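Below, all heavy atoms of this structure are taken into account, side chains as well, without hydrogens, waters or symmetry copies. Treat the numbers as computed from the prediction; the structure is a model and nothing was measured. A note on names: the letters A, B, ... follow the listed sequences, proteins ahead of strands, and every chain is numbered from 1.
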Amino acid sequence: MSQLMQAEITDCRETAPGIWVTEFMAPSLAQGAVPGQFLHIRCGEGSDPLLRRPISIHSVDRQSGRVKIMFQAVGKGTAWLASRRYGFIDIIGPLGRGFTMFTGEQTGLDCYNPRLVVVGGGIGAAPLYFLLQELARMGCVQQVMVLLGARTANQLLILDAARVLGFNVRVATDDGTTGYRGPVTDLLAEELQRKPDFVFACGPSPMLKPLCDMLRDAGVPGEVSVEERMACGVGACLSCVCRVKDTGGIETYRHVCVDGPVFAAGEVVW
Amino acid sequence: MNTEVNLGGIVMKNPVTTASGTFGFGLEYQPYVALQRLGAITVKGTTLKPRLGNPPPRIAETPSGMLNAIGLQNPGVERVAEEIMPRLAGLGVPVIINIAGDTVEDYAQVARRLDGVPGVAGLEVNISCPNVKKGGIQFGSDPHTAAEVTRAVKAATGLPVIVKLSPNVTDLVAMAEAVARAGADALSMINTLLGMAIDVDRRRPVLGNITGGLSGPAVRPVAVRAVWQVHRALPFTPILGMGGIMTARDALEFILAGATAVAVGTGNFVNPLATVDVVGGIEQYMSNHGFTNISELVGLAQRYTGDN
């Protein structure tokens, strides 16, 4: 159940150039959140910046009750958040629908020991670490291939952490500073030839759009986490729409904050 | 202490409601807000047929405000009456339904459909949405058409009718007078101010709809002025004041200018508890300053005309 809370900051550090990780105490989130869900965080004290910022959950520690978010300080709001080293932050969460493998919904994963691919691009890798934590907890490490893409080597945000959990990771950078030089979707194309059972992805639209096309062509099911400008975060203001095709093939809008941010790869209309 | 107000026939236990479009159909905020604390709940603009709304991006943050161009997305009056109202009626809080249409007859049909639906305490007629091609503002920028819509809605329903005015007009008082003469039981003001923002890096408008409605603290002085002017001209027409209310002090500005009731809009997004904080803050203010009835505060600042 989502709550409005004041959570005490326990750590805040710049983990890569312009990328911040803030840790805070929120036992109810640590217990109840599902990978792919997000928090709606107040990023200022006055009226400018005005709106909360939706930021995905990066990791949870159920035992200590600590939760981490990872975000890029790009504007006034996120810069303010990055400047908070102690004290409390005002959070609504957990919000949205996470990856269905963890929400108790139908997943399309009906095979035993499924082979999974996790694809992260840029800051989109942030929520995928929580996903990897859960997959590791389920003992799935050997069945997962993690593909990470970024502009340059120091923006491969969850590379070390994924390896520490024991996952196989392949990387792609735009500038070739490490790994494959080119889009991470090129690595996915190779993986799709091995017919995985399911693909999880989060990243910028220029990555997700071709990725959804590739999954459709390969006949591989998957889920993608998308972003949209958001005001209320709870389904009231109807701002954050994502165009989808419903089961009858009719195009309609769904709301990223309550119907998403995770959508089936095949339903999103790019 | 008495905080009860009568907004043109809608009896509210305190003067605080939600601004249409910022509170969904009320239930979205139920996990966070004790809805029973609200004087009324004003729900999303409802039209005859379901509407999909505008293409994204639908919002943009601006200094101390935001632009929105949702485009009246709603499930249509039939679903509101059949599926949503039964869930809201049990709360025991008056529900005000904002209605919109493409034609005068649309407004009348929506009003007729909602007449007698349990839980509906009143209608707010939206003649001021800046974000739809037809309907909305076109009815709210000419006093004659505004009066025509008002008369049609009044004829179609026995419910109290509040007409929501746009600030995007040359003479707001003339609009207010026209709809009041046409039978409006109350007026609400202000709807959003037409605005736009441009993404300088991509060299294109931010909003999918190009223009949108500005709300939030940035518009508050415009809204307070609107309430002040209209209350001065029409002292016996109750006003539902709104525009950038975040706190009780903001709400009190509107009440002192002449608003009988107030609505919290964009403030809900920032602080889901804004409405109940405003209710508590008004009670605290009354207690601190020795007021026993909220009606003593309505329009109190009008004693000062600027001459003294």
Side-chain angles (χ1 to χ4, degrees), chain A residues 1-6 28 32 40-54 74-78 90-96 205 226-244 246 250-260 268-270, chain B residues 18-33 41 43-45 50-75 197 206-208 212 215-218 220 244 246-247 250 265-274:
Chain A
M1 185 59 148
S2 173
Q3 292 173 32
L4 176 65
M5 64 184 84
Q6 305 294 320
S28 67
H40 213 25
I41 302 177
R42 187 139 184 212
C43 290
E45 282 150 317
S47 63
D48 191 20
L50 182 66
L51 299 173
R52 289 170 182 267
R53 301 292 190 259
V74 278
K76 235 187 256 181
T78 42
D90 180 327
I91 295 173
I92 308 174
L95 293 169
S205 299
V226 305
E227 276 195 321
E228 188 50 75
R229 287 163 184 269
M230 204 176 274
C232 75
V234 301
C237 72
L238 313 182
S239 300
C240 58
V241 288
C242 173
R243 205 168 182 80
V244 299
D246 68 17
I250 296 163
E251 285 190 14
T252 185
Y253 287 126
R254 300 257 291 278
H255 297 281
V256 173
C257 66
V258 289
D259 303 317
V268 180
V269 179
W270 295 95
Chain B
T18 56
S20 174
T22 65
F23 212 68
F25 284 96
L27 302 162
E28 292 85 350
Y29 274 103
Q30 206 164 21
Y32 317 99
V33 184
I41 297 172
V43 301
K44 178 72 186 164
R51 287 182 69 120
L52 208 50
N54 289 328
R58 289 180 171 185
I59 59 158
E61 191 176 56
T62 58
S64 295
M66 65 178 280
L67 291 163
N68 87 78
I70 309 299
L72 289 176
Q73 179 184 341
N74 79 94
V206 174
L207 296 174
S215 64
R220 192 190 311 135
M246 309 288 284
T247 67
D250 302 340
T266 302
N268 293 305
F269 304 155
V270 181
N271 171 19
L273 299 178

Can you confirm whether [X] sits close enough to [Y] that some side-chain heavy atom of one is under 4.5 Å from a side-chain heavy atom of the other?
X         : Y         : result
Ile92(A)  : Pro272(B) : yes
Pro55(B)  : Tyr253(A) : yes
Cys232(A) : Tyr29(B)  : yes

Within this structure, what is the [atom1]-[atom2] distance for the pair [X] and [Y], rounded to the nearest 0.5 Å?
X         : Y         : atom1 : atom2 : answer
Leu51(A)  : Ile59(B)  : CG    : CD1   : 5.5 Å
Arg42(A)  : Phe269(B) : CZ    : CZ    : 14.0 Å
Cys257(A) : Glu28(B)  : SG    : CD    : 9.0 Å
Leu207(B) : Ser239(A) : CG    : OG    : 10.0 Å

Exercise for the section: Apply the test side chain to side chain contact (heavy atoms under 4.5 Å, CB included) to residues His255(A) and Gln73(B): give CA-CA distance (whole Å), side-chain angles for both, the deciding distance (0.1 Å), then the verdict. Expected result: CA-CA 12 Å; His255(A) 297 281; Gln73(B) 179 184 341; 2.9 Å; yes

Practice task
Identify whether the distance between the nearest side-chain nitrogen and carboxylate oxygen of Glu61(B) and Arg53(A) falls below 4.0 Å.
Solution key: yes

Minimum heavy-atom separation for [X] and [Y], please, with both atom names.
X         : Y         : answer
Pro57(B)  : Arg229(A) : CB-CD, 3.7 Å
Leu238(A) : Arg58(B)  : O-NH1, 2.8 Å
Met246(B) : Leu50(A)  : CE-CD1, 3.8 Å

Handout entry: Residue selection (most heavy-atom pairs with chain A, distance under 4.5 Å) from Pro56(B), Gly53(B), Ser64(B)
Key = Ser64(B)

Fill in the blank from the handout: So, the part of Phe23(B) with a heavy atom under 4.5 Å from chain A: the answer is backbone

Handout entry: Under 3.5 Å: donor-acceptor pair, side chain of Arg52(A), backbone of Val270(B)
Key = yes

